[in-house]
Structure formats: structure tokens, C-alpha cells
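Down below is the structure, laid out as C-alpha cells.
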Amino acid sequence: MEKNRKSSWIRKLLIGLAVVAVIVAGAFFWYVNDYYKATASAVEALQSDGSVTITETDDAITFAPNGEDPEEGIIFYPGGKVESEAYAPLLRSLAEADLLVVVAKMPFHLAVFDANAAETIMEQEESVQDWYLAGHSLGGVMASSFAADQSDQVAGLIFLASYPSSDLTDAPFPVLSIYGSEDEVLNRESYNEAQEKLPDDYTEIVLDGGNHGQFGDYGLQAEDGTATISTNQQQQLTVEVITSFIENNRQP
């Protein structure tokens, strides 16, 4: 009798654990499949033309300026739960400034699942001598993690509405931080605290009128502030700041 009771209890426990596992798995897949998708204008920016050639694989999208192979490149980590294609207009404009730009496609659209995506990209693009890592929101956090671990492979780090997770106070590369004045998604308390992890000479640029989501093209992000400049204006300002940052830190 005691043996039967024990077997029944174990059976109920296993059934209960199985039910919990199914619920957790279901919740996870619901969460990761509820993401921001690229707008029609972003998809249009994925077309190659006379100035930029765009190639796509299962792991990344590459924006290559036509002509000579560039020696400087940017590896971009997308924001959390944002489709990589949503950053096409911004990244295309950077490629038009003679930079090789590669956006990583993250598993489940979350950079936390592949913080080392830059390593594979660097190995595949041998012509690039100086790699800058950039990331939006969660993507910037994970890009900073890679940069901290592989500082000898990084020429610079660029945050878009983001901040570091690792200590970069002694980083051998320059750091740029850009965010919009109307951003209400970025946690300002966490952002301010994280500044202690940055080098003393890091550069901070606040885009007047910009918000969180307009670094990409995926529509209005939940709880974001209302931008007073257009998406195109915010992205063009961002391109100007980034290209100036790279030019100013270029080795003679």
C-alpha cells in the first residue's frame, strides 16, 4: 500500500512538472515571437543599387559600399525583440559613407543569446582592419560585453540609447553614446549609473527631439516618448555623429 502511494505521488509530481514545463515553454515562445517588425520603408532599403551592395545570410545582413573594399567597418547588434531588417535605412546610410556595415541576426531577436556574434563576422570580413561595435538598446549592452572581452579586436564602441554592462573604464578604444532627448524607454537611472563604467573621455551626444525607437524603422515602440523630429532626421543626425566620431579617432 505504501509503495503504491509513493508511486502515485511521484506520478502526480512528474505530471505537474510536465505541465509547468509546457506553460513556461509556451510563455517563452509567445514572448519571443511578439517582436517589432521592419516597416515597408526599411524593407525597401534592403535593395542593392549603384552605391551599396546588400547581401543576406541566415546570420547577418551586410551593407557594402561599391568600389574598393573598406578598411573600416561597423558590426551592429539590434535592439531587443526588434527585427534586424528594421535598421536597414540607418545602416545603409553608414555604408554610403564608405563603411562596411554588418547587422547580426540574433536568435529570437535577442542579443543575449549570441553576444559573440561579432567574432564570426570579423573572421568572414578579412578586408576590414578596424572594427567598430555598435548596438541599440539591449543590443548595445551585449555589444559592450563583447568589446570588454575582446578589446584588442575593437577600434571603438557606439551606444544608441544604451549603456555598458561591463567595466570599460580602462578600455583601449574610444566610446560614443547617443540618445534622443524624448526617449522614455531608456532607463535614465541605470544609464547614469553605468557612466561610471565608461572611460573618462567618452563622447555623449543627445539628439534634440529624438526618441528611442527612431534609430530603427519599426513603428512606435511601447511607452516611448513622442519625437519632435522625423525618423529620417534622427537617423541622418546619427550617421553624421558616428562618421565624425570614426573620422576623429582614425589613426594617422
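Each residue takes its place number in the sequence, starting with 1. All values derive from a computational prediction rather than experimental measurement.
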_On a heavy-atom basis, which atom in A161 and which in D183 lie closest, and how many Å separate them?_
CB-OD2, 3.5 Å
*If every non-hydrogen atom of A148 is compared with every non-hydrogen atom of L168, which pair is closest and at what distance?*
CB-CD2, 3.7 Å
_Polar side-chain atom of K105 near backbone of T57 as donor-acceptor pair, under 3.5 Å_ = yes
_Heavy-atom pair with the smallest gap, counting every atom of A42 and D217_ = CB-CB, 3.7 Å
*Verify, without hydrogens or angle tests, whether D130 (side chain) and A155 (backbone) share a donor-acceptor contact under 3.5 angstrom.*
no
*Just wondering, do P70 and D98 contact through their side chains at under 4.5 Å, heavy atoms?*
no
*Distance-minimising heavy-atom pair for F173 and S151*: CE2-CB, 3.8 Å
*Can you hop from L198 to M142 via hydrophobic side chains spaced under 4.5 Å?*
yes
_Under the criterion side-chain contact (heavy atoms from CB on, under 4.5 Å), I'd like the reasoning laid out for S48 against V52: C-alpha separation, chi angles, the key distance, then a yes or no._
CA-CA 6 Å; S48 299; V52 177; over 6 Å; no
*Which residue pairs satisfy the ring-ring contact (aromatic ring centres under 6.0 Å, His included) criterion with at least one member in residues 78-98, sequence neighbours excluded?*
F76-Y87, Y87-H136
*Which pairs count as salt bridge (charged side-chain N to carboxylate O under 4.0 Å, His left out) when at least one residue sits in residues 39-50, sequence neighbours excluded?*
D49-R92
*Q236 and S93: side chain to side chain donor-acceptor pair (under 3.5 Å), yes or no, with the steps?*
CA-CA 8 Å; Q236 287 306 311; S93 294; 3.3 Å; yes
*Under 4.5 Å between side-chain heavy atoms, hopping through other hydrophobics if needed: is there a path connecting Y77 to V112?*
yes
_Working to the nearest 0.5 angstrom, can you tell me the gap between L207 CG and I229 CD1?_
6.0 Å
*Indicate yes or no: does E85 engage K37 in a salt bridge with an N to O separation below 4.0 Å.*
no
*What is the distance from atom CD of E240 to atom CG of L94, rounded to the nearest 0.5 Å?*
11.0 Å
*List the steps and the verdict of side chain to side chain donor-acceptor pair (under 3.5 Å) for N116 and Q150.*
CA-CA 10 Å; N116 293 323; Q150 306 291 340; 5.7 Å; no
*Report the C-alpha separation of I54 and Q47 in whole Å, then their side-chain angles, then the decisive distance to 0.1 Å, and conclude whether the side-chain contact (heavy atoms from CB on, under 4.5 Å) test is met.*
CA-CA 7 Å; I54 299 171; Q47 304 302 314; 5.9 Å; no
*Looking only at atom types and distance, does a side-chain atom of T231 sit under 3.5 Å from a main-chain N or O of Q214, one as donor and one as acceptor?*
no
*asked:* If we ignore hydrogens and angles and just use 3.5 Å, is the side chain of S84 paired with the main-chain N or O of A104 as donor and acceptor?
replied: yes
*Give a yes or no on this: more than 12 heavy atoms of other residues, nucleotides or ligands lie within 6.0 Å of atom CG of D152.*
yes
*Pairwise side-chain contact, F63 with L46, heavy-atom cut-off 4.5 Å (strictly under)*: yes
*asked:* Ignoring hydrogens and geometry beyond distance, is a side-chain donor-acceptor pair present between E193 and Y163 at under 3.5 Å?
replied: no
_Could you check whether any side-chain heavy atom of L133 comes within less than 4.5 Å of a side-chain heavy atom of F146, counting everything from C-beta outward?_
yes
*Any side-chain donor-acceptor pair under 3.5 Å between Q221 and N211?*
no
*What pair of heavy atoms forms the shortest contact from E83 to A38, and how long is it?*
OE1-N, 2.8 Å
*asked:* I want to check something: taking the side chain as every heavy atom from C-beta on, are V175 and F159 in contact at a cut-off of under 4.5 Å?
replied: yes
*Whether T238 side chain and Q234 backbone form a donor-acceptor pair below 3.5 Å*: yes
*When rounded to the nearest 0.5 angstrom, what distance separates CD1 in I242 from CD1 in I178?*
4.5 Å
*Would you check if the side chain of Y35 reaches a backbone N or O of H109 as a donor-acceptor pair within less than 3.5 Å?*
no
*asked:* Please tell me whether V43 and V103 are part of a single hydrophobic cluster in this structure, the criterion being side-chain heavy atoms less than 4.5 Å apart.
replied: no
*Verdict with reasoning, E72 to I246, per side-chain contact (heavy atoms from CB on, under 4.5 Å)*: CA-CA 9 Å; E72 295 170 321; I246 292 176; 3.8 Å; yes
*Between S144 (side chain) and V141 (backbone), is there a donor-acceptor pair under 3.5 Å?*
yes
*asked:* Tell me whether D149 at atom CG has more than 12 heavy atoms from other residues, nucleotides or ligands lying less than 6.0 Å away.
replied: yes
*Could you tell me whether a side-chain N or O of S137 sits under 3.5 Å from a main-chain N or O of G79, the two making a donor and an acceptor?*
no
*For E123, look at atom CD and say whether over 12 heavy atoms of other residues, nucleotides or ligands are found less than 6.0 Å away.*
yes
*When the ring planes of Y218 and Y36 are compared, do they come out parallel, tilted or perpendicular, using 30° and 60° as the limits?*
tilted
*Taking the side chain as every heavy atom from C-beta outward, state whether T203 and I205 have any atom pair closer than 4.5 Å.*
yes
*Side chain proximity check, P174 to Y202, heavy atoms < 4.5 angstrom*: no
*asked:* Quick one, F245 and I158 - any side-chain contact, counting heavy atoms below 4.5 Å?
replied: yes
*Just how far is it from atom OG of S177 to atom CD of E204, taken to the nearest 0.5 Å?*
5.5 Å
*Return each pair, listed once, that meets side chain to side chain donor-acceptor pair (under 3.5 Å) where at least one residue sits in residues 59-71; pairs must be two or more places apart or across chains.*
T53-N66
*Would M122 end up clustered with M106 when hydrophobic side chains under 4.5 Å apart are linked, directly or stepwise?*
yes
_P78 versus V82, closest heavy-atom pair with distance_ = CB-O, 4.0 Å
*Do V185 and L160 belong together in a cluster built from hydrophobic side chains that touch within less than 4.5 Å?*
no
*asked:* Donor-acceptor check, side chain of T169 to backbone of K197, threshold 3.5 angstrom: yes or no?
replied: no
*Can you tell if the side chain of V102 reaches within under 4.5 Å of the side chain of I61, non-hydrogen atoms only?*
no
*Would you please indicate yes or no on a ring centroid separation below 6.0 angstrom for Y191 and Y179?*
yes
